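Bear in mind the structure is a predicted one, so any value in this text is a computation, not a measurement.
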Amino acid sequence: MSDSDPTEVVLAGLPASGKTQYIAGLWLAVDGQSECRLHLANYKGDRRYLVEIGGRLAKCEDPPHTEVGESRTFDLPLQLDDDDKERRLRLIVPDLSGETWEHALEEAEWTVELDERISQASGLVVFVHSQASSGPTLGPLAASLPGDETSRDIHPFRVSGIAADSQLVQLIQLLRARRANPRIALVVSAWDLVEDDTLSPQAWLGENCKLLAQFVESRDDIHVNVWGISAQGGRFDDPEQAKRLLEADAVGRINVRDAENEIGAIEDPLLWATGWEIS
Ligand SMILES: Nc1nc2c(ncn2[C@@H]2O[C@H](COP(=O)(O)OP(=O)(O)O)[C@@H](O)[C@H]2O)c(=O)[nH]1
Ligand SMILES: [Mg+2]
């Protein structure tokens, strides 16, 4: 890799883990008049998708569902502001829908292209929805147990039936097999839905992802940092909250908390995953 090659960061997450709302919020911050430390580097790609998801987030509308089944790759060239080193970064989203990651967990395999991306990346941003941490719901769990005469159907193994905690451990194991000493920025999305606002993202992880927390602690060859991020700032399906959110600035209502619950910025997990030293 030459000096001028941008640092690559891969964004990963299962379906419905909050990826789209994060990218939408990042786009609004990068494209707008906010104090975001990243700006767009000569982007030649198609902005329609970004404009659409950014527009929906600004209007407090749900993200589009059109990504499912598309497995679309997406990447965003970014540059660090006020920096004489001209540091450039490429945010790569190998699959907007997240089905690729689901498949990777189910089959422990992925494409050669994804493999290359991961081995080249300096770090990853991995998403988990704050409400997805509990164990399998009774439905899939009961269905997978040996049935009586009336329910002999065989249910294939579905990774969506497993607790997010063990999904994350599995995913990190897969990533680690392809990339030595990975930097993994874990984003707990929909942070506004975490009722106790004194709970730090680090403490949340300890409570909700015990397996992951232990796994990370026991290994010094993986670097994990955690953020709690509310890209929406609240619930769009709650009329009172939506009314309040609509009155606020779309970037201003984004809430980012670092591991210790200190206020951060939406680009922080990305910048951390680059491994850059930033003053
Ligand atoms: N309350 C709340 N919900 C969110 C937030 N971010 C995402 N969601 C919801 O979580 C679901 C999945 O989000 P999405 O960004 O589409 O996930 P993706 O499938 O990984 O792209 C959607 O119903 C979103 O409205 C947030 O900051 N707050
Ligand atoms: Mg999406």
Could you list the residues that satisfy salt bridge (Lys or Arg N to Asp or Glu O under 4.0 Å) with Arg47, not counting sequence neighbours?
-> none
Nearest heavy-atom approach of Ile118 to Arg179 is O-CD, 3.4 Å
Give a yes or no on whether the backbone of Trp272 and the side-chain of Arg183 come within a donor-acceptor separation of less than 3.5 Å.
-> yes
Shared ILVMFWY cluster between Ile254 and Val51, side chains joined below 4.5 angstrom?
-> yes
Hphob cluster co-occupancy, Leu40 + Ile266, side-chain heavy atoms under 4.5 angstrom | yes
Nearest heavy atoms of Arg253 and Ala58, plus distance in Å | NH2-O, 3.2 Å
Check whether more than 12 heavy atoms from other residues, nucleotides or ligands sit under 6.0 Å from atom CD of Glu109, and answer yes or no.
-> yes
Should Trp276 and Leu78 be counted in the same cluster of Ile, Leu, Val, Met, Phe, Trp and Tyr side chains packed under 4.5 Å apart?
-> yes
For the pair Ser130 (side chain) and Ala190 (backbone), establish whether a donor and an acceptor sit closer than 3.5 Å, ignoring hydrogens and angles.
-> yes
Quick one: which residue pairs count as a ring pair (Phe, Tyr, Trp, His ring centres under 6.0 Å) with a foot in residues 229-257, not counting sequence neighbours?
-> none
Do Ile278 and Leu270 belong together in a cluster built from hydrophobic side chains that touch within less than 4.5 Å?
-> yes
Asp31 side chain to Trp27 main-chain N or O, any donor-acceptor pair under 3.5 Å?
-> no
Asp115 side-chain N/O to Trp110 backbone N/O, donor-acceptor pair under 3.5 Å = no
Tell me, which pairs form a ring pair (Phe, Tyr, Trp, His ring centres under 6.0 Å) where one or both residues lie in residues 6-26, sequence neighbours left out?
-> Tyr22-Phe127
Verify, without hydrogens or angle tests, whether Gln241 (side chain) and Arg235 (backbone) share a donor-acceptor contact under 3.5 angstrom.
-> yes
More than 12 heavy atoms from other groups under 6.0 Å of CD on Glu35 | no
Could you state the interatomic distance from CZ (Arg56) to CD (Gln232), rounded to the nearest 0.5 Å?
-> 11.5 Å
Report yes or no: does Glu267 contribute a side-chain atom to a donor-acceptor pair with the main-chain N or O of Cys36 at less than 3.5 Å?
-> no
Quick one: pull up NE2 in His39 and CG in Leu80 and give me the separation to the nearest 0.5 Å.
-> 8.5 Å
At what distance, to the nearest 0.5 angstrom, does CG of Leu175 lie from CD1 of Ile222?
-> 9.5 Å
Establish, from distance only, whether the side-chain atoms of Asp192 and Ser230 form a donor-acceptor pair under 3.5 Å.
-> yes
Pair Arg48 + Glu52: basic N to acidic O under 4.0 Å | no
Common cluster, Leu171/Leu211, ILVMFWY with side-chain heavy-atom separation under 4.5 Å | yes
Output yes when a side-chain donor or acceptor of Ser122 lies under 3.5 Å from a complementary backbone atom of Ala273, and no otherwise.
-> yes
Can any side-chain N or O of Asn261 pair as donor or acceptor with the backbone N or O of Gly228 at less than 3.5 Å?
-> no
Is Arg117 salt-bridged to Glu113, cutoff N-O under 4.0 Å?
-> yes
Separation of Asp221 CG from His223 NE2 (nearest 0.5 Å) | 7.5 Å
Quick check: does any side chain N or O of Ser189 sit under 3.5 Å from a backbone N or O of Ser17, one acting as donor and the other as acceptor?
-> yes
4.5 Å side-chain heavy-atom contact, Leu168 and Phe215 | no
Could you tell me the separation between the CZ atom of Arg87 and the CD atom of Gln79, rounded to the nearest 0.5 Å?
-> 11.0 Å
For Leu14, does its backbone N or O pair with a side-chain atom of Lys19 as donor and acceptor, under 3.5 Å?
-> yes
Look up atom CG in Leu186 and atom CG in Leu124, then write down how far apart they are to the nearest 0.5 Å.
-> 11.0 Å
